[in-house]
2 protein chains.
Amino acid sequence: MATDSVSSPSPRPTLRERKKQRTREALIDTALNLFTQQDFDSVTLDELCDRVEVSKRTFFRTFASKEEVAMAPYEDMWKAFIDELETLPVAAECSILQVLQDAVLAAMRTMNTGDWAHRLLSCTRLAGRTPAIEAHCLYFCGVTVRAALDVLHRRFGLDPHDLRPRLALDILVAAFHRALEAWADRPQDPTVEHLATDTLAAFAAIPGSLTFTGVPPANRAG
Amino acid sequence: MATDSVSSPSPRPTLRERKKQRTREALIDTALNLFTQQDFDSVTLDELCDRVEVSKRTFFRTFASKEEVAMAPYEDMWKAFIDELETLPVAAECSILQVLQDAVLAAMRTMNTGDWAHRLLSCTRLAGRTPAIEAHCLYFCGVTVRAALDVLHRRFGLDPHDLRPRLALDILVAAFHRALEAWADRPQDPTVEHLATDTLAAFAAIPGSLTFTGVPPANRAG
DNA sequence: ACCACCTTGCCACTGAGTGGCGTTTGCTTT
DNA sequence: AAAGCAAACGCCACTCAGTGGCAAGGTGGT
């Protein structure tokens, strides 16, 4: 289920595994195409499975739901984020929020293979117009945030009742979603570096969101 | 669909409407009981509809999904929040985030009727252990945040590209969810005033979440 | 009392998701 | 290289959420 290409050197992860990965990617690719051309709800899983020549039973052994296949590229990035969070070296007086931001940036750069950026773009736009996918996405974020919270507690000794690390994570996710939104609205072909730029811009807007009054017409967002 | 008891004086909102409200509340009440005693997934809608003596068709005319009936009390509060946001008088140099916090507090106090608090408690605990409900809840929050953002733009003239108001809303929701979590863990009978206390505590933790380093063992959360 | 309309109940249907079981296919051991 | 093992797959039948259509009952207005 997880991409184990990162943590293990694995010169060749056994044929069986490769086949599994191949069907997984075929499913993702075909699903993204179908959902984009037609509509998420109007595409049936039978239709998708016919295209990929896979039984519906196999689909559900690979993905837990119809929504999951649509958000797989997005989810892969957050899994990489967890990995980064476990291994990232941290400067002593760095704020937790800063550490989290670094981990997100690092995670998205590990995804810079194949045309992950294009797939993520499809994900994002699908999530933007499909309630079921958006709901699933947000739930997944909740799970990821809890996992990340565990890592934080393990790496730094934190008070289990302190709300601040959890809030920092929620803010991180919220800001990243703003970045995705902006990135998906770009006219040009999307690249990981553009996404990094938009992400930094969203992060920069965080401090002001607590204090700004909105009465003066417009200060700068950063 | 919305509770129109707030906006209209309505001495008696016509018999037809009252009947509708009665079935709606019977469905919510019975659903909350069933989902709590048994399990959300193991309770079928046929079972629920049998208890309330209502056809499944009618259920879906009242609620859009099985998850929605479980989160109805929660959703009602956020609808009240939107109303508050439209009407709340605001001091001139008050930060937007402060306005939002006031609106949340005001909204939960308008809910202080019947045993809304108990129903909200059931909601919260259900959402905490049922993925499908949590997903629906988070999606609903997303919709509500967008609606609130519209109100903010209407009441204060905001730059449409400014990320800060949206981030402030996301932070608000995140903090409120922490408050709900703490509130649901209280041993005593839950009251709206306790919820208000926990909400204020969660709001107080927001500023620190941007800056704390986590290296010193434990500062105070507030 | 009448009519118009809103709401409900019933029926049939689609599609997601699950469990069971027999079969294929890749991996391993000798 | 053949046999044995385990993992993955395909097929079948099933449950249940959710939808559309249409007829019947209750409600509000005249």
Side-chain angles (χ1 to χ4, degrees), chain A residues 1-2 4 10-27 30-31 34-35 38-72 126 130-136 139-140, chain B residues 1 4 8 10-27 30-31 34-35 38-72 126 130-136 139-140:
Chain A
M1 195 171 280
D4 42 279
S10 65
R12 205 154 260 196
T14 185
L15 172 61
R16 203 180 263 165
E17 288 301 321
R18 271 179 291 152
K19 272 199 169 180
K20 245 175 122 173
Q21 283 304 317
R22 232 181 295 155
T23 48
R24 187 186 128 95
E25 269 159 37
L27 280 169
T30 313
L34 285 177
F35 295 161
Q38 310 176 32
D39 183 64
F40 179 77
D41 297 304
S42 70
V43 177
T44 68
L45 286 183
D46 292 311
E47 200 175 336
L48 171 60
C49 291
D50 277 355
R51 296 273 185 119
V52 190
E53 289 180 307
V54 157
S55 79
K56 204 169 63 169
R57 203 68 190 78
T58 295
F59 175 90
F60 282 106
R61 276 190 273 259
T62 314
F63 300 100
S65 69
K66 189 183 177 186
E67 289 80 30
E68 195 177 296
V69 67
M71 290 306 283
L126 277 171
T130 313
I133 298 185
E134 187 181 343
H136 176 268
Y139 172 74
F140 172 82
Chain B
M1 193 173 279
D4 41 279
S8 64
S10 66
R12 205 152 268 186
T14 185
L15 171 61
R16 208 178 258 164
E17 288 299 322
R18 272 179 290 153
K19 271 199 171 180
K20 246 174 122 172
Q21 282 304 317
R22 231 180 296 155
T23 47
R24 186 185 129 96
E25 270 160 37
L27 280 169
T30 313
L34 284 177
F35 295 160
Q38 308 175 33
D39 184 64
F40 179 77
D41 296 303
S42 71
V43 177
T44 69
L45 286 184
D46 292 311
E47 201 175 336
L48 170 61
C49 292
D50 278 354
R51 296 272 184 119
V52 190
E53 288 179 308
V54 156
S55 80
K56 204 169 62 169
R57 201 69 190 78
T58 295
F59 175 90
F60 281 107
R61 282 192 202 97
T62 314
F63 300 99
S65 70
K66 188 183 177 187
E67 289 80 29
E68 195 178 295
V69 67
M71 290 306 282
L126 276 171
T130 314
I133 299 186
E134 187 181 343
H136 174 269
Y139 173 73
F140 171 82

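Everything quoted here is computed from the prediction, not taken from an experiment. Atoms considered below: every heavy atom in the structure, side chains included; atoms not considered: hydrogens, waters and symmetry mates.
The closest side-chain heavy-atom distance from B/T23 to B/V52 is not below 4.5 Å. Residues B/L27 and B/R24 form no side-chain contact, since every pair of their non-hydrogen atoms from C-beta on lies 4.5 Å or further apart. With contacts defined as side-chain heavy-atom distances shorter than 4.5 Å, the pair B/R16/B/K20 does not qualify.
Among the atoms of the strands shown, only primed sugar atoms or phosphate atoms (P, OP1, OP2) are found under 4.0 Å from some heavy atom of B/K19.
Contact between A/A70 and A/L126 at its shortest, heavy atoms only, is CB-CD1, 4.5 Å. Closest approach of A/S65 to A/F60, counting heavy atoms only: CA-CE2, 4.2 Å.
Along DNA chain D, read 5' to 3', the first and last nucleotides having any atom under 4.0 Å from a heavy atom of chain B are D/dC16 to D/dG28. Put simply, chain A comes within 4.0 Å of DNA chain C, heavy atom to any atom, from C/dG15 to C/dC27, going 5' to 3'.
Rounded to the nearest 0.5 angstrom, B/T30 OG1 and B/E53 CD are separated by 10.5 Å. To the nearest 0.5 Å, the span separating CZ on B/F59 from NZ on B/K66 amounts to 9.0 Å. Residue A/F35 holds its CZ atom at 6.5 Å from CD1 of A/I133, rounded to the nearest 0.5 Å.
The 5' end of DNA chain D is approached more closely, in terms of each residue's nearest nucleotide, by A/F59 than by the other of A/F59 and B/F40. Nucleotides of DNA chain C nearest to A/V43 and A/R57 differ in position, and the one nearer the 5' end is that of A/V43.
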